[in-house]
Structure formats: structure tokens, C-alpha cells
Amino acid sequence: MKKTFYSLFLGLASITALSASAQSLSSQLSKVALERARPQGRPCATMDVLEAQLAATPRQALRMAEIEAQTGRYVASPTARRTAAVITIPVVMHVLYNTSAQNVPDAQIQAQIDVLNKDFAKTNTDAALIPAAFAGAAANTNIQFVLARRDPSGRATTGIIRKSTRVKSWSANDAMKTSKRAGSDPWDTSKYLNIWVCNLGQGLLGYAQFPGGAASTDGVVVLYSSLPGGTAAPYNKGRTGTHEVGHWLNLRHIWGDASCGNDLVSDTPTQQTSNYGCPSFPKVTCSNGPNGDMFMNYMDYTDDACMYMFSNGQSARMNALFASGGARAALATSNGGTAPLVSTTAVETLTVFPNPTAGQLSIRTGLNTPAIKWQTKVYDLRGFEMKQVRPAGDGTVDVSALPAGMYHLVLTDGTATQHQSFRKE
Ligand SMILES: [Zn+2]
């Protein structure tokens, strides 16, 4: 494809800027959905959502063009070919359910994380099926995922939010991403990958938002029954998650969403359109012989059992987001995947007073053990121990050396732990 991505998007922006002003995102969405003839195979609404967003928010095209320019510089640099450190992305799963079947168990959510980790590390067992012609192009992306262990306020978490909802079926209009519309609000989208697991209607399996979109709607949505072991066969091995997270990490459909289109990746062959089902190798289109389409790529529309690789070019494109100046660089330093040093669940039986205090803090435990026998430590909200605090040994603690702010007091006697927060004035 001759047209560059940049000119394509600037063109789109100028056209849409003229027409889009008053139309809401959702009316744009339904219009786009009606107008677009969906290719056969995996029903993914990511490009529909992108078109609607670009129409409603022309500035987004400029932001995406900037990301594309940074990606191009990264991919062209030697850094892209260097073995990068593994980046582990904290994930929060928002499970929205109207029926008990939609309230998928923890084990299935962990299984989805496991599928993501295997697919992104090329440790998926079906990687053995990659045709020899493409084996050299198959990538370990060095991107991994973990259910969040620390929420945005620093508290311990399972990384799974469950919410009963009156909504029976959702569409690709982002309603599931806000509690105002009976959905679940995202956690800080610069620090967490938010995945909404819900009952998508209209036959949709999932959709994602590309880097450069609004922070308030950033993340991935998947049909609850597409999780590993779900009922959405042949899309029930968790590859909807892999495909959509690929979009979230800036990957295009491998056919470039056009006839013999451009997916902005150099090592994926140009192909006519989406593939579906489970094609036989080789499938030659767009003069891409002898190897033909890379239909076993996660960014095609084939069955879950028939997609099993990302390419090196796709991997470089995703990793560009985490490089200096990359659109998702803040995720690389997020502490959402590591447990806080102390659980901040308040224990009612432990009291500290006066609270707030300027100097001395007196401690009364709920157990019949004098505070004097407990080891006493104070942590700030980030979990760092405040070494300047001196327990006096008589049930009081001198906190006068602490800067003003909120802290956690933790008492341990070797078996039990009690904690309480207090404010230093
Ligand atoms: Zn897609």
C-alpha cells in the first residue's frame, strides 16, 4: 500500500472534522456498524470503534499519528532488535454479570491471563504448528501480564472486580466502562490494563481501544464465554483476549482492513482480506506466494485453535509503546502488579490515639497483650517503612519526625498482625 499511515490519518481527520461536530459517539457507532460490511470470521468491533472515535474526536488522529511516528523511530532503531527486559502489565478484570453464567469463576480469569502469557511469550504449545516458512518470524514479545495485586489507592487486591448489573447485553459503545451506565469504572488506565468481561451482544466477541484514545475508555472488552473453557466455540480458548490485547498494543488486523491492505508491519505478508475457520497452508493471495497469508497470526480472524503467533515486526511495534516517549511507557513502571508491603485493611480492635497526632501516638490492641510486646513499624502509603519512628516501649510511639500525611501503623507479635492508619499533622 503506497499511502502512508500518517497521510491516511490526517486525511481522515480533515474529512471527519467537517462532519462530526454534533454527533455523539454512540450514534456514530451505530451508523458505522450499519455501514460497514463485517468480514467473515472472528467478530471484532475494534475498527468500528476506532472509526467512530475518529469521527467524534478528530484530534485523536493527530495523537495517533504522533504515536505512529514514535513507533516508526523505535522500529528503525537498533533498540528494537535488542533483547528487551520483560515488561509485566498489571491487569484488572471487571466482571459484569446479569446471570450466574456470566459471573465467570476466578479460575477462568486466571486461565485467560495464562493464555495471554503463553501467547505473548511464544510458549503456547500450538506454536509447534507454525509452518517452517514463518517459524523464523514468530516472536516472544517479552510482554507479560499479571492480575493486579495493588489497587490505585495502594490496597491489596485480587485484580478482579465483580459487579452484578441490570444490563442483559452490551454493545461496543463503552457503556460497560462507566458505573453511570451500570458498568464498572476503569482503574488508572496509564497504570493498568483494564479488561471488561461481559455479555457483548450483536454477535461480538470483543473490541479494544488503540493507544491514543481517551483515557476514560482505554482497555479491552471480551465476551465472557470467550474465556478459556467458555461456550463460544470455536472462539473459546482465550484467543479473543490475545487478539484484542494485540489491538490495545497498537496492532492492526493483519490484512490491514482493506483489500491487500497495510497492517503497518513489515514482516507480515500482504493478504487479500481476513481468513476464517482453519485454512490450509499455503493460502496465496495478493501475489504473496509461495508462503501466502500468515493466517495463523493472532491478528487474523481464524478460529482460536488455528491462530498461534505474533511476528517479530508486531512485537517491535508493541514494544515501542513502552520505550522512552512511548504511549504506554507508564505501564512499564506501574507497581500495580506487586502486592503492598502491608495489607491496609483496618482492624477495628486496634486503636491509636490521638489521631491525628503531632508527636506521640498511643496504641491499644484489641487483644489482652500489652502493646509493649508487639513489634511496631510505620509505613507510608507507598509501603515504605518509616525508620525515623521510635517506639518508646511503653505502648507509645514517637512520630514527631514524620512529615505530615497518612501512615499505617503495623503491630506484629510473630503470629498475628494488626494495623491501623493515622494522620501525622
Ligand atoms: Zn480485531
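Since this is a predicted model, take the numbers as computed values, not measurements. Order of appearance sets the numbers: ligands from 1, and atoms from 1 within every ligand.
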With sequence neighbours excluded, residues passing side-chain hydrogen bond (donor to acceptor under 3.5 Å, both in side chains) with W248:
D218
Should we say atom NZ of K177 is surrounded by more than 12 heavy atoms from elsewhere, each under 6.0 Å from it?
yes
The Zn ion (ligand 1): protein N, O or S atoms [distance under 2.8 Å]:
C44 SG, H243 NE2, H247 NE2, H253 NE2
With sequence neighbours left out, the residues meeting side-chain hydrogen bond (donor to acceptor under 3.5 Å, both in side chains) with R73 are none
Whether the T357 and E425 side chains hold a donor-acceptor pair (N or O, under 3.5 Å, no angle test) is what I'd like checked.
no
Pairs meeting criterion ring-ring contact (aromatic ring centres under 6.0 Å, His included) with involvement of residues 141-169, two or more places apart
F120-F145
Neighbour count above 12 (heavy atom, 6.0 Å) for K191 NZ
no
